[in-house]
J.: 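Can you read through this structure? Questions will come right after.
All values reported here derive from a predicted model rather than from experimental measurement.
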Amino acid sequence: MTRNPERTSAAILDAASREFAENGLAGARVDVIARRADTNKRMLYHYYGDKEALYLAVLEHAYGNIRFAERRLDLTHRDPEEGLRELSLFTWHYYLDHPEFLSLLNTENLNRARYLKKSDKITAMHSNFISELENVLQRGSASGAFKPNLDPVKVYITIAALGFFYLSNRHTLSTIFQRDLEDRTARDNWGEHIVSTVLASVRKT
């Protein structure tokens with residue numbers, strides 16, 4: 001059978017993403033990743049090097065996926081309020097649809113971003129996104145709808161935090177407050193709450 005390097009590499013990356021998301025870096029096993037990718041450890045090391053290098057590749061891939069999906073929002077050509085609304089809802093639904101992304105973020109935060117700091121791709125990837133968001137905020141400010149001199153990083157952290165905290169703590173919060181935060185209606189309502197909170201924080205009063 002003819003080997004397809006791109007397919008093998010992608011299969012390893014997909015299998016590793018699942019294994020690291022489920023078990024973290026310390027608990028993930030290379031032999032399990034190889035088995036899930038229908039290959040062997042020798043091929044895994046050939047494509048990605050050691051376990052830590054594979055983990056970093058998984059992180060870069062995960063961030064690349066969300067940044068690529070965000071570009072489809074075409075923020076620079078949207079009305080500023082509509083753009084922020086769509087970005088807020090997109091981020092919320094991306095978190096809902098990709099729980100493995102949140103698991104990877106939790107793992108890397110436990111590692112104090114030790115591995116992400118080694119990436120030579122991550123800064124450029126996020127610089128482009130922040131530039132687009134800054135454009136939205138500046139246009140909103142110029143129109144008189146938004147406050148002046150808004151920090152795009154702070155605005156994005158607000159969007160991300162409102163979704164991330166809800167999902168990372170949904171089990172404890174559901175128990176404490178006797179509410180089913182995984183209920184579809186509750187999640188939809190929280191998405192709208194994120195939108196209203198973000199817009200209220202940037203609107204000119």
Side-chain angles (χ1 to χ4, degrees), residues 1-74 86-87 89-130 132 156-157 159-172 181-182 184 187 191:
M1 182 182 295
T2 303
R3 182 184 302 153
N4 185 319
E6 290 185 3
R7 183 179 301 168
T8 301
S9 176
I12 292 171
L13 197 61
D14 179 66
S17 296
R18 286 182 285 143
E19 178 69 5
F20 287 127
E22 291 171 9
N23 298 299
L25 175 58
R29 293 176 54 188
V30 172
D31 57 333
V32 173
I33 294 170
R35 185 167 64 248
R36 282 180 160 182
D38 194 26
T39 187
N40 55 60
K41 289 195 287 186
R42 182 180 63 82
M43 291 304 297
L44 186 150
Y45 292 134
H46 169 73
Y47 283 105
Y48 289 101
D50 60 17
K51 178 181 174 182
E52 292 186 354
L54 177 57
Y55 171 70
L56 177 56
V58 164
L59 285 177
E60 291 176 337
H61 183 68
Y63 275 109
N65 282 343
I66 187 171
R67 298 288 88 91
F68 177 79
E70 281 164 345
R71 287 202 294 271
R72 298 176 187 171
L73 298 176
D74 196 20
E86 291 305 308
L87 177 61
L89 288 176
F90 164 83
T91 304
W92 173 235
H93 288 290
Y94 194 91
Y95 289 174
L96 288 171
D97 296 338
H98 298 275
E100 75 285 352
F101 180 63
L102 300 187
S103 294
L104 290 169
L105 294 187
N106 281 328
T107 293
E108 187 57 5
N109 275 292
L110 287 173
N111 285 308
R112 297 180 180 269
R114 172 185 170 189
Y115 298 95
L116 203 61
K117 289 173 183 176
K118 300 177 182 179
S119 174
D120 57 2
K121 302 176 182 177
I122 214 73
T123 300
M125 192 187 300
H126 287 76
S127 294
N128 292 335
F129 167 67
I130 289 301
E132 286 193 1
Y156 183 69
I157 290 176
I159 293 170
L162 287 167
F164 190 92
F165 183 87
Y166 183 106
L167 292 175
S168 295
N169 297 275
R170 64 191 182 279
H171 300 297
T172 52
L181 297 187
E182 294 194 275
R184 177 68 178 272
R187 294 189 308 186

J.: Please evaluate residues Asn106 and Phe164 with respect to the criterion side chain to side chain contact (heavy atoms under 4.5 Å, CB included), reporting the C-alpha separation (whole Å), side-chain torsions for both, the decisive distance (0.1 Å), and the verdict.
T.: CA-CA 10 Å; Asn106 281 328; Phe164 190 92; 3.2 Å; yes
J.: Distance from Glu182 atom CD to His171 atom NE2, nearest 0.5 Å?
T.: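 Answer rounded to 0.5 Å: 5.0 Å.
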J.: Return yes if some donor-acceptor pair links the side-chain N/O of Ser127 with the main-chain N/O of Thr123 below 3.5 Å, else return no.
T.: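 A pair under 3.5 Å: yes.
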J.: Is there side-chain contact between Phe129 and Leu87, with heavy atoms separated by less than 4.5 Å?
T.: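 Contact flag for Phe129/Leu87 side chains = yes.
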J.: Are any of the side-chain heavy atoms of Leu102 and His98 separated by less than 4.5 Å?
T.: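 Leu102 does not reach His98 side chain to side chain.
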J.: To the nearest 0.5 Å, what is the distance between CG (Leu104) and NE2 (His61)?
T.: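 The CG atom of Leu104 sits 10.5 Å away from the NE2 atom of His61.
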J.: Compare every heavy atom of Ala34 with every heavy atom of Asn40, then report the nearest pair and how far apart it is.
T.: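 Where Asn40 meets Ala34 most closely, the heavy atoms are C-CB, 3.7 Å.
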J.: Compute the centroid of each ring, for Tyr95 and then for Tyr166, and state whether the two points are separated by less than 6.0 Å.
T.: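 They do not qualify: ring centres at least 6.0 Å apart.
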J.: Using modelled atom types only, decide if a donor and an acceptor are shared between the side chain of Lys51 and the backbone of Leu25 within a distance under 3.5 Å.
T.: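 Such a contact is found between Lys51 side chain and Leu25 backbone.
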J.: Do you know which two heavy atoms are closest between Ala160 and Thr91, and how far apart they sit?
T.: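 Closest approach of Ala160 to Thr91, heavy atoms only: CA-CG2, 4.4 Å.
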J.: So, Trp92 side chain and Arg187 main chain: donor-acceptor pair closer than 3.5 Å or not?
T.: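 Yes, the answer is positive, given that a donor and an acceptor are paired below the 3.5 Å cut-off.
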J.: Is the backbone N or O of Ala10 less than 3.5 Å from a side-chain atom of Asp14, with the two atoms forming a donor-acceptor pair by type?
T.: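 Here the side-chain-to-backbone pair does not exist.
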J.: Report yes or no: does Glu108 contribute a side-chain atom to a donor-acceptor pair with the main-chain N or O of Tyr115 at less than 3.5 Å?
T.: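 Present.
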J.: Evaluate side chain to side chain contact (heavy atoms under 4.5 Å, CB included) for Ser9 paired with Tyr48, printing each intermediate quantity in order.
T.: CA-CA 8 Å; Ser9 176; Tyr48 289 101; 2.8 Å; yes
J.: Do you know which two heavy atoms are closest between Ala11 and Ala37, and how far apart they sit?
T.: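 Scanning both residues, the minimum pair turns out to be O-CB, 3.6 Å.
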J.: Side-chain contact, heavy-atom cut-off 4.5 Å: Tyr63 with Leu116?
T.: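 Result yes, sub-4.5 Å side-chain heavy-atom pair found.
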J.: Please walk me through it: do Phe20 and Thr107 pass side chain to side chain contact (heavy atoms under 4.5 Å, CB included)?
T.: CA-CA 8 Å; Phe20 287 127; Thr107 293; over 6 Å; no
J.: Quick check: closest heavy atoms across Leu56 and Ser119, and the distance to 0.1 Å?
T.: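 For Leu56 and Ser119, the tightest heavy-atom pair comes out as CD1-CB, 4.0 Å.
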J.: To the nearest 0.5 Å, what is the distance between CD (Glu86) and CG (Asp74)?
T.: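 Nearest 0.5 Å value for the CD-CG distance: 11.5 Å.
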J.: Of the non-hydrogen atoms in Ser103 and Ala21, which two are nearest, and what is the gap between them?
T.: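 Minimum heavy-atom contact is CB-O, 3.4 Å.
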J.: Do the side chains of Glu100 and Arg18 get nearer than 4.5 Å, heavy atoms only?
T.: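 The answer is no, as the side chains (C-beta and beyond) never meet within the 4.5 Å cut-off.
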J.: Is the closest side-chain heavy-atom distance between Glu52 and Lys118 below 4.5 Å?
T.: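 The answer is yes; the side chains approach within 4.5 Å.
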J.: Which of parallel (below 30°), tilted (30 to 60°) and perpendicular (above 60°) describes Tyr94 and Phe90?
T.: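 The arrangement is tilted - the two ring planes meet at 30° to 60°.
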J.: Has Glu19 got a side-chain atom pairing as donor or acceptor with Val30's backbone, closer than 3.5 angstrom?
T.: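 Between the backbone of Val30 and the side chain of Glu19 there is no qualifying donor-acceptor contact (under 3.5 Å).
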J.: Answer yes or no: does atom CG of Asp50 have more than 12 heavy-atom neighbours from other residues, nucleotides or ligands under 6.0 Å?
T.: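 Enclosed.
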J.: May I ask you to decide if Leu167's main-chain N or O and Arg170's side chain share a donor-acceptor pair within less than 3.5 Å?
T.: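 Present.
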J.: Rounded at 0.5 Å granularity, tell me how far OG1 in Thr8 sits from CD in Glu6.
T.: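 Output value for this atom pair is 10.0 Å.
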J.: Are there more than 12 heavy atoms of other residues, nucleotides or ligands under 6.0 Å from atom CZ of Arg67?
T.: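 More than 12 heavy atoms, drawn from other residues, nucleotides or ligands, come within 6.0 Å of this atom.
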J.: Check whether any side-chain heavy atom of Tyr47 lies under 4.5 Å from a side-chain heavy atom of Met43, and answer yes or no.
T.: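 Yes, at least one pair of side-chain atoms sits under 4.5 Å.
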J.: For the atom pair CG (Leu105) and CG (Leu110), what is the distance rounded to the nearest 0.5 Å?
T.: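 Those atoms lie 11.0 Å apart.
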J.: With distance as the sole test, does Tyr55 use its side chain to make a donor-acceptor pair with the main-chain N or O of Gly24 at under 3.5 Å?
T.: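 Judged by distance alone, no pair lies under 3.5 Å.
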J.: Where do Val32 and Arg36 land on the side chain to side chain contact (heavy atoms under 4.5 Å, CB included) test, with the steps shown first?
T.: CA-CA 6 Å; Val32 173; Arg36 282 180 160 182; 4.2 Å; yes
